[in-house]
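Here is the structure we will look at.
Throughout, protein chains are lettered first and strands after them, A, B, ... in sequence-line order, and every chain is numbered starting at 1.
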There are 2 protein chains.
Amino acid sequence: MAATMKDLSRETGLGLATISKYFNGGVVREKNRLAIENAVKKLHYVPNEVARSLKTQQTRVIGVVIPELSNAFITSIISSMEDILRKQDYAVIVCDCRSDPKREKEAVEFLLHRRVDGLINMATDATGAHLKAALNANIPVLLIDRLVESLRGKVSAVVIDNAHAAGQAVRKLTELGHRKIGLVLGSPNLYTTNQRLTGYLNALKDAGITPTEEYIRYGNYTMDGGYQAVSDLLKLKDRPTALFVTNFEMTLGTMLALQHSGIRVPEDLSVIGFDKLELFGEIFPDLTLIRQPQLSIGREAANLMLDLLMNRDAVSHRIVTLSTALTEGRSVRACADG
Amino acid sequence: MAATMKDLSRETGLGLATISKYFNGGVVREKNRLAIENAVKKLHYVPNEVARSLKTQQTRVIGVVIPELSNAFITSIISSMEDILRKQDYAVIVCDCRSDPKREKEAVEFLLHRRVDGLINMATDATGAHLKAALNANIPVLLIDRLVESLRGKVSAVVIDNAHAAGQAVRKLTELGHRKIGLVLGSPNLYTTNQRLTGYLNALKDAGITPTEEYIRYGNYTMDGGYQAVSDLLKLKDRPTALFVTNFEMTLGTMLALQHSGIRVPEDLSVIGFDKLELFGEIFPDLTLIRQPQLSIGREAANLMLDLLMNRDAVSHRIVTLSTALTEGRSVRACADG
DNA sequence: GGATGGGATTGAAACGTTTCGCAGCCTGTG
DNA sequence: CACAGGCTGCGAAACGTTTCAATCCCATCC
């Protein structure tokens, strides 16, 4: 049905090699150029990317494996990534693995079969086992948001300064006199969880505060988890006077839990949240929070991947760390206690 | 680097055709089967999907073109679609066109170059001009959420019963005695906008109410648009006593506008919203609203596409209409006026 | 024991490009 | 006028599969 270069060749009387050269930016005699262009129009020729891929051994496809598509933080990263990659004529195949390591591994294999040129992954499996095959296949692998220790030096990554961000938030609270500071973390063993915990502990140490174990809760990065974690914290005999919540969904859960318990922010409790996402910002506009630069994460990731794709020989893997910002709201005040 | 079937052939002493047959489920003598399986393990052979695509003339890739990836309604559809398609070994390339018809057309062409087997589109360009090329290429096209009139009979579609849904919501209000009912629509000329307007007008007619032009507002399906539209409605001398808001973002905007104006729901104003999306359902849990079955939309779309892909000859295009449901909350009450 | 038949196996061509090495042509110079 | 040298164009092979028609092998039957 569709026209091929062979048809162009017949139509113009030129050799296949000449036609190919024309499409790849080679120099072609003026009259031949015109002849080809006419033939292209006449026959509605479009190059067959599949055939090109077979011959050139590159598909111009990037595989993206993420834990969850229905997550605003992730989609805004993907969206900015896809934008840049497509402009460079790279397609993006997205695989949502529902935070399931088994599915994640299958997704990687699926993409490898398709011979993607590169892989971008927000890792669910912290051991990195799912990426072995990709490394064997010798394609560039780029982690986003979460580092995988066992892969250090073998892959590139774009992350944020988690520990610093958490430290900044907690320090803000200690400076205002808070000593009983609740922390709501994501799932245990996740890179970001650990890093944010480290930042929290460091800030407490700097303020000479001994951490209280029962103030540290895990909310699995879900709204319900956050709700539950905060509800539990409120039940403690010796309640925290301030809260640092380490992602968007849990911050939402936190605010609901507080609303339902009739606890006022900041009068009764100071709160620092995480991630300002489009719509949500308007609902609790006065929240003090840590902002992640989603768009930059996507942009950096896309550009870094393009870089890796260009200089396949230069095996030096880079880790890009982006900084967060603390946005001041009105959800924090000096500690009223003792 | 990577092993090919030729290597397997050499290793096992079998012909290429036999190896191929084995992989495509053909019958192979027991000892040959074993020989092949051993060779596969030994050489770490993985089939090259690109070469297969070239030969079989199908890529097992579905292109998906949407107006916006950072939109929870859309991503939950995509997520359920991708799940089903990948299980059938189809990959999904997502293109976000930022609600820009020009980009939309480019995206379609991009995907066509890549020889996708089918196209799923939530159309930005209501004229359908961007899909001409896809129809010429003779690949199945499936619209979701929005019908395109000019393509009727040429493409399949999965939509919801917009007019019925809107009618149901508005009828609920008229039955409670409301006669001044504000309507907040999306962008003009969008399929869903028109259909929902139709449902509204029908319901008014049934109740013997003459529509008031200034009660009908366009909020462009954005939160800000909804906020603005509702703020304007509140400024009217003869305010509506009830509101029907026709998507999720605008419903959010509506609730904020009402909160800021100190208007109580339902005491001062009855409200029916649209779309219950994960997180935000919890923030306004008592809203009466129309629920769209996102997951079913995705599922139906995926299955319908698979169907189209199987029976390429049967050109009968189907339009699947899914029903919505009215979820009762506490944001509606009988009209206090007159 | 040889013919028959049927299933497994095979070689070769094809899918639509890119690329390599070589041939052809033209221009300008000695 | 012949020849060197630089472009441009060409044929053919290759990328890794699938598939067709033909062949082969083996068991069965007469």
Side-chain angles (χ1 to χ4, degrees), chain A residues 1-40 43-61 89 91 112-117 137-139 312, chain B residues 1-37 39-40 43-61 89 91 112-117 137-139:
Chain A
M1 185 70 240
T4 71
M5 287 193 357
K6 219 177 272 175
D7 298 322
L8 292 183
S9 164
R10 194 175 311 129
E11 179 77 18
T12 59
L14 295 169
L16 270 184
T18 310
I19 315 262
S20 172
K21 200 181 190 189
Y22 164 80
F23 282 113
N24 293 293
V27 194
V28 172
R29 248 193 277 280
E30 182 66 4
K31 65 170 183 190
N32 291 339
R33 197 180 56 92
L34 291 171
I36 295 176
E37 283 166 3
N38 284 333
V40 166
L43 304 178
H44 300 108
Y45 171 79
V46 273
N48 185 323
E49 291 295 334
V50 178
R52 300 192 71 211
S53 294
L54 178 60
K55 186 63 198 179
T56 61
Q57 301 285 51
Q58 51 162 326
T59 51
R60 295 192 87 81
V61 175
D89 216 40
L112 252 27
H113 284 358
R114 306 227 159 215
R115 297 293 204 268
V116 294
D117 288 348
N138 200 31
I139 63 171
R312 290 305 307 277
Chain B
M1 183 70 236
T4 73
M5 287 197 350
K6 219 176 272 174
D7 298 322
L8 293 183
S9 164
R10 194 175 311 127
E11 179 77 17
T12 60
L14 295 168
L16 269 185
T18 308
I19 316 265
S20 173
K21 198 180 187 192
Y22 164 80
F23 282 112
N24 292 293
V27 195
V28 172
R29 247 192 277 281
E30 182 66 6
K31 65 169 185 197
N32 291 340
R33 195 179 57 92
L34 290 172
I36 295 176
E37 283 166 4
V40 166
L43 305 177
H44 299 109
Y45 170 79
V46 273
N48 185 323
E49 292 295 332
V50 177
R52 301 192 72 212
S53 294
L54 177 60
K55 185 62 197 178
T56 61
Q57 301 284 53
Q58 50 163 324
T59 51
R60 295 192 86 82
V61 175
D89 216 40
L112 252 28
H113 285 358
R114 305 226 160 215
R115 298 291 202 270
V116 293
D117 288 347
N138 199 32
I139 64 171

From CZ of A/R52 across to C1' of C/dT19 the rounded distance in Å is 13 Å
Residue pair B/M5 / B/T18, side-chain heavy-atom distance below 4.5 Å: no
From CZ of B/R60 across to C1' of D/dT17 the rounded distance in Å is 15 Å
In whole angstroms, the gap separating P of D/dG9 from CD of A/E30 amounts to 11 Å
B/M5 CE to D/dT19 C1', in whole Å, measures 11 Å
A/N32 atom CG is separated from D/dC7 atom C1', nearest whole Å, by 13 Å
Using a 3.5 Å distance criterion without hydrogens, assess whether the side chain of A/T12 forms a donor-acceptor pair with backbone atoms of A/I36.
no
query: Counting any heavy atom closer than 4.0 Å, what does B/V27 reach on the DNA or RNA strands: base, sugar-phosphate only, or nothing?
result: sugar-phosphate
Here the residues of residues 10-19 of chain B within 4.0 Å heavy-atom distance, strictly under, of DNA chain C are B/G13, B/L14, B/G15, B/A17, B/T18
Can you check whether B/S20 has a side-chain N or O nearer than 4.0 Å to OP1 or OP2 of D/dT18? yes
Quick one: side chains of residues 22-30 of chain B, donor-acceptor pairs under 3.5 Å with protein atoms, not counting sequence neighbours, listed by atom name and distance.
{"residue": "B/Y22", "atom": "OH", "partner": "B/E37", "partner atom": "OE2", "Å": "3.0"}
{"residue": "B/N24", "atom": "OD1", "partner": "B/R52", "partner atom": "NH2", "Å": "3.3"}
{"residue": "B/N24", "atom": "ND2", "partner": "B/S20", "partner atom": "O", "Å": "2.7"}
{"residue": "B/N24", "atom": "ND2", "partner": "B/S20", "partner atom": "OG", "Å": "3.4"}
{"residue": "B/E30", "atom": "OE1", "partner": "B/R33", "partner atom": "NE", "Å": "3.4"}
{"residue": "B/E30", "atom": "OE1", "partner": "B/R33", "partner atom": "NH2", "Å": "3.4"}
{"residue": "B/E30", "atom": "OE2", "partner": "B/R33", "partner atom": "NH2", "Å": "2.9"}

Whole-Å distance, A/Y45 OH to C/dG16 P, equals 10 Å
Exercise for the section: Decide yes or no for A/L43 and A/L8: does some side-chain heavy atom of the first lie under 4.5 Å from some side-chain heavy atom of the second? Expected result: yes
Base, sugar-phosphate, or nothing: which does A/V50 touch, judged by heavy atoms less than 4.0 Å apart?
-> nothing
Hits for side chain to side chain contact (heavy atoms under 4.5 Å, CB included) against B/S53, two or more places apart or cross-chain, chain-then-number order -> A/V50, B/T59
Original post:
So do B/R114 and A/V61 actually touch side chain to side chain, heavy atoms under 4.5 Å?
Top reply: yes
A/K21 has its side chain closest, among D/dG9, D/dA14, C/dC15, to D/dG9
Closest of C/dC15, D/dC15, D/dT17 to the B/N48 side chain is D/dT17
Here the distance between atom C1' of C/dT10 and atom CZ of B/R29, to the nearest Å, is 12 Å
Sorted by position of nearest nucleotide on DNA chain C, 5' first, the leading residue of A/K55 and B/Q57 is B/Q57
query = With respect to the phosphate group of C/dT10, does any side-chain polar atom (N or O) of B/Y22 fall under 4.0 Å of OP1 or OP2?
reply = no
Whole-Å distance, B/L54 CG to C/dA13 C1', equals 13 Å
CD of B/E49 to CG of B/D89, rounded to nearest 0.5 Å, is 6.5 Å
